[in-house]
Amino acid sequence: MKNLPSPPPDKTGWPWTEDNQPLPQRMTDGSEWPKISIVTPSYNYGRFIEETIRSVLLQGYPNLEYIIIDGGSTDETINIIKKYEKYLSNWVSEPDKGQTDAINKGYEHCSGDIFVWLNADDAYAISNCLQRVAEFYMQGYQLICGEFCALDLNGNEIIEYRDFGKSYPVNFDKYLKFWSCRHLPQPAVFVATELANKCFPLDIKLQVVMDYQFFLRVLSQKPKVISVNQKWVNFKYHGQNKCLGNLSEDFNELSEISHVALLEASQLPWVFRKNFEIDTGDYKIIHSLIRSTKPLTFFQFFFQLISRPTLARWPLFWKTFAKNLLGKR
């Protein structure tokens with residue numbers, strides 16, 4: 001820590017004033033630690049990015065490749081990056097086509113054994129996160145999933161978002177069913193690059209669910225997975241997160257995620273793919289019924305059921321139907 005620039009005077013604790021003992025340059029058997037490549041996509045997050053950078057560098061991990069891809073920030077971001085540039089493997093600030101484009105650009109510079117992207121408003125919560133990841137990788141795990149803790153701007157945990165950050169066992173077929181499967185806690189999920197190499201580039205048109213596309217592509221390769229019930233990342237909710245709805249009014253997240261799911265489902269056998277297409281269509285109708293701002297009549301539900309009999313298989317359809325009839329919306 002003594003080699004890093006001094007933190008702002010009003011900042012204390014991890015990763016500001018708490019030190020961490022660096023790991024030995026080599027493991028006990030004399031071999032190198034696995035190289036971990038971290039990409040931070042950034043745009044006008046100057047009030048957060050210094051904590052992100054310090055939480056990476058203060059891991060004390062000896063075989064680190066840290067890359068920042070900034071989209072041409074106009075706030076204090078560039079000045080902060082320059083403070084730490086001698087510790088970075090690569091960084092650039094130039095206009096891009098959004099977060100997914102920045103992640104793609106960053107991955108092109110990666111040469112590590114393990115890959116993750118850490119957004120500029122997130123930070124590692126513990127000082128030995130990368131060491132834990134490397135140890136699991138050396139045991140043969142290819143998809144290593146920790147957990148994140150959702151915090152407000154005062155550093156307090158947001159209890160109602162606790163489940164969003166949890167890690168859990170998952171496979172391709174389960175994850176494909178986006179309506180019933182929680183998303184993996186992206187900033188706390190590390191992937192062997194032998195798998196990640198087959199996942200890039202991601203679709204730069206995606207505004208929100210680029211991580212969903214990435215993890216589907218990883219899971220389709222049937223990796224050896226481990227879920228670790230430990231908080232590795234602090235995930236800040238600050239009102240500008242995409243996941244909190246800071247998007248254009250005409251953006252439709254369901255349309256984007258269903259598009260990705262159908263695209264990645266193309267690798268399924270024909271019968272399973274067709275069944276999935278039916279399920280996706282069913283769910284989109286049920287979702288529209290749930291989100292309706294006006295009470296729906298018995299005949300509207302009956303019409304949907306006659307038009308699409310497969311809706312009868314869904315308990316959620318009947319639950320929505322019952323709520324409308326009883327007036328409990």
Side-chain angles (χ1 to χ4, degrees), residues 147-152 156-186 206-209 211-213 215-216 219 227 229 235-265 268 271-329:
E147 299 185 344
F148 70 67
C149 182
L151 303 179
D152 63 22
N156 301 312
E157 182 181 5
I158 305 175
I159 303 300
E160 56 265 38
Y161 294 148
R162 180 174 288 175
D163 285 347
F164 295 162
K166 288 187 175 179
S167 179
Y168 58 94
V170 69
N171 57 42
F172 178 78
D173 292 336
K174 182 179 180 180
Y175 205 61
L176 196 60
K177 297 177 180 178
F178 56 88
W179 53 83
S180 61
C181 187
R182 289 200 314 270
H183 283 205
L184 288 169
Q186 180 275 310
L206 299 178
Q207 296 187 56
V208 172
V209 301
D211 58 326
Y212 180 65
Q213 182 179 63
F215 292 138
L216 277 177
L219 290 166
S227 298
N229 299 124
F235 185 103
K236 290 187 188 66
Y237 281 86
H238 48 75
Q240 299 299 313
N241 311 74
K242 289 182 179 180
C243 53
L244 287 182
N246 184 41
L247 296 156
S248 61
E249 291 183 1
D250 60 348
F251 176 74
N252 187 326
E253 184 174 355
L254 177 60
S255 177
E256 185 172 278
I257 196 170
S258 60
H259 167 75
V260 169
L262 290 168
L263 183 67
E264 301 303 324
L268 293 174
V271 172
F272 294 103
R273 185 171 71 249
K274 290 301 178 184
N275 284 339
F276 181 73
E277 290 172 358
I278 292 170
D279 288 346
T280 301
D282 285 349
Y283 179 74
K284 291 173 76 171
I285 290 174
I286 295 170
H287 184 267
S288 70
L289 296 174
I290 294 172
R291 296 293 296 273
S292 175
T293 57
K294 298 179 180 179
L296 301 172
T297 67
F298 170 87
F299 294 103
Q300 286 174 304
F301 277 90
F302 183 72
F303 174 77
Q304 291 287 359
L305 193 56
I306 294 300
S307 303
R308 197 174 181 95
T310 50
L311 290 170
R313 303 171 301 142
W314 290 73
L316 185 58
F317 174 81
W318 295 111
K319 182 179 180 180
T320 306
F321 173 62
K323 281 187 174 182
N324 267 268
L325 286 187
L326 295 173
K328 296 180 180 179
R329 297 186 54 78

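Computed from a predicted structure; not experimentally measured. Every heavy atom of this structure was used, including side-chain atoms; hydrogens, water molecules and symmetry mates were not.
In terms of heavy-atom proximity, S227 sits nearest to P169 at OG-N, 3.6 Å. The two residues F235 and Y237 have their closest heavy-atom pair at CD2-CE1, 3.4 Å. The shortest heavy-atom contact between W314 and T310 is CD1-O, 3.5 Å.
The salt bridge (charged side-chain N to carboxylate O under 4.0 Å, His left out) search around R273 returns none, not counting sequence neighbours. Annotation: ring pair (Phe, Tyr, Trp, His ring centres under 6.0 Å) contacts of F301 (sequence neighbours excluded): F317, F321. Legend: residues meeting salt bridge (charged side-chain N to carboxylate O under 4.0 Å, His left out) with K177, ordered by chain and number and at least two apart, are absent.
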Where do T280 and W179 land on the side chain to side chain contact (heavy atoms under 4.5 Å, CB included) test, with the steps shown first?
CA-CA 9 Å; T280 301; W179 53 83; 3.8 Å; yes
Checking side chain to side chain contact (heavy atoms under 4.5 Å, CB included) for the pair R313/D279: CA distance, chi angles, key distance, verdict?
CA-CA 10 Å; R313 303 171 301 142; D279 288 346; 2.8 Å; yes
Apply side chain to side chain contact (heavy atoms under 4.5 Å, CB included) to L316 and I290, showing your working.
CA-CA 9 Å; L316 185 58; I290 294 172; 4.0 Å; yes
Test side chain to side chain contact (heavy atoms under 4.5 Å, CB included) on D211 and L184; report intermediate values, then the result.
CA-CA 8 Å; D211 58 326; L184 288 169; over 6 Å; no
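In this structure a side-chain-to-backbone donor-acceptor pair under 3.5 Å is missing from E147 to N229. Side-chain atoms of Q304 never come within 3.5 Å of backbone atoms of I285 as a donor-acceptor pair (strictly under, hydrogens ignored). Between the E256 side chain and the V208 main chain, a donor and an acceptor come within less than 3.5 Å of each other.
In summary, the aromatic rings of Y212 and Y175 are positioned with their centroids under 6.0 Å apart.
The CG atom of L176 sits 3.5 Å away from the CZ atom of F276 when rounded to the nearest 0.5 Å. The NZ atom of K284 sits 7.5 Å away from atom CG of N252, with the distance rounded to the nearest 0.5 Å. In this structure, the separation between CD1 on I286 and CZ on R308 is 9.5 Å, given to the nearest 0.5 Å. Put simply, CZ on R162 and CD1 on I159 are 4.0 Å apart, with the number rounded to the nearest 0.5 Å. How far NE2 of H183 is from CZ of F178: 8.5 Å, rounded to the nearest 0.5 Å. For the atom pair L296 CG and T320 OG1, the distance stands at 9.0 Å (nearest 0.5 Å).
In this structure, the side chains of K166 and D163 come closer than 4.5 Å at one or more pairs of heavy atoms.
Using bins of under 30°, 30° to 60° and over 60° for the plane-to-plane angle, the ring pair Y161/F164 lands in the parallel bin.
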